[in-house]
Amino acid sequence: MYSMSHEDVTAILIQFAKYGLRKTSMEDIARASGLSRQTVYNRFGSKEGAFKWTLQTFIGQIFETARAELDPAIEAPEEALLAAYQRWIGDFVEILTNHDHGMEILDLAVQSSEDTTKDTEHAFAQAITDFFISSGLASSPQIASDMSYALSVAAKGVMLKSRTSAEFEENMRRVISVVAR
């Protein structure tokens, strides 16, 4: 729909994490995006429209970045998995945990009835499953799927327990070392 850099989309998401959906103003969104308030109204129609677009765009952008980390030719597949999860979740742990409404934003994302969000999560899980197979870490598609599921669930738990991106990375390294044996 609209093209915007990952940095600008992240800046808008941070505004929602700082003030919450209810208190974030169109002026906050305009300032974060570098657009005029009138342009924000014209593009999104409402604050809720801007939030929905920001969330969908952010998730799409991090999916593409995370998926790009999954190169089956890499010498250390555990490092590729770690990098993918760092892009998928770790890079925005601080947005969620260090802003007053970060968890509200996460909850709204989880509750989103948008098929795009759910499809992207499913596509990431499938990319992880495919990586387990192509890198030789799993001996069958079912084992790869189970390993992907275990990492997905563990990553969500690690996210909730981490305060920083570095802490997320350290704990995911431990999880991946166990799952990818």
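Values in this document were obtained by computation on a predicted structure and should not be read as measured data. Side chains included, hydrogens not; waters and symmetry mates left out as well; all remaining heavy atoms used.
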Minimum heavy-atom separation for [X] to [Y], with atom names?
{"X": "Ile12", "Y": "Ser33", "result": "CD1-CB, 3.6 Å"}
{"X": "Pro141", "Y": "Thr129", "result": "O-CG2, 4.3 Å"}
{"X": "Ile133", "Y": "Ala144", "result": "CG1-CB, 3.5 Å"}
{"X": "Leu81", "Y": "Ala180", "result": "CD1-CB, 4.4 Å"}
{"X": "Glu94", "Y": "His99", "result": "O-CD2, 3.9 Å"}
{"X": "Ala32", "Y": "Gln15", "result": "CB-CG, 3.5 Å"}

Salt bridge check, [Y] against [X]: does any charged N sit closer than 4.0 Å to a carboxylate O?
{"X": "Glu78", "Y": "Arg181", "result": "no"}
{"X": "Arg173", "Y": "Glu169", "result": "yes"}
{"X": "Arg31", "Y": "Glu27", "result": "yes"}
{"X": "Arg87", "Y": "Glu64", "result": "no"}

Nearest-0.5 Å distance that lies between atom [atom1] in [X] and atom [atom2] in [Y]:
{"X": "Leu21", "Y": "Glu48", "atom1": "CG", "atom2": "CD", "answer": "5.5 Å"}
{"X": "Asp146", "Y": "Phe132", "atom1": "CG", "atom2": "CZ", "answer": "10.5 Å"}
{"X": "Ile128", "Y": "Ser145", "atom1": "CD1", "atom2": "OG", "answer": "12.0 Å"}
{"X": "Phe44", "Y": "Met26", "atom1": "CZ", "atom2": "CE", "answer": "8.0 Å"}
{"X": "Ile95", "Y": "Lys18", "atom1": "CD1", "atom2": "NZ", "answer": "11.0 Å"}
{"X": "Ile14", "Y": "Leu96", "atom1": "CD1", "atom2": "CG", "answer": "10.5 Å"}

Handout entry: Plane angle bin for Phe124 and Trp88 - parallel if under 30°, tilted between 30 and 60°, otherwise perpendicular
Key = parallel
In terms of hydrophobic clusters joined by side-chain contacts under 4.5 Å, are [X] and [Y] together?
{"X": "Tyr19", "Y": "Ile105", "value": "no"}
{"X": "Phe131", "Y": "Val153", "value": "no"}
{"X": "Phe63", "Y": "Met159", "value": "yes"}
{"X": "Tyr149", "Y": "Leu82", "value": "no"}

With heavy-atom distances below 4.5 Å as the criterion, would you say the side chains of [X] and [Y] are in contact?
{"X": "Ile62", "Y": "Asp91", "result": "no"}
{"X": "Phe16", "Y": "Asp28", "result": "no"}
{"X": "Arg43", "Y": "Met4", "result": "yes"}
{"X": "Thr57", "Y": "His6", "result": "no"}

Got a donor-acceptor contact below 3.5 angstrom from the [X] side chain to the [Y] backbone?
{"X": "Thr120", "Y": "Ile59", "value": "no"}
{"X": "Glu167", "Y": "Arg163", "value": "yes"}
{"X": "Ser152", "Y": "Ser148", "value": "no"}
{"X": "Lys47", "Y": "Ser25", "value": "no"}

Problem - Donor + acceptor pair across side chains of Ser36, Thr39 (<3.5 Å) - result: yes
Handout entry: Pair Gln86, Ser165: side-chain N/O donor-acceptor within cut-off below 3.5 Å
Key = yes
Practice task
For Val93 and Thr164, run side chain to side chain contact (heavy atoms under 4.5 Å, CB included): C-alpha distance rounded to whole Å, both residues' side-chain angles, the deciding distance at 0.1 Å, then the answer.
Solution key: CA-CA 6 Å; Val93 163; Thr164 66; 5.8 Å; no
Practice task
Kindly indicate, with the supporting measurements, whether the criterion side chain to side chain contact (heavy atoms under 4.5 Å, CB included) is fulfilled by Phe51 and Ile29.
Solution key: CA-CA 9 Å; Phe51 176 73; Ile29 296 165; over 6 Å; no
Handout entry: Output field: ring centroids Phe92/Phe58 closer than 6.0 Å
Key = yes
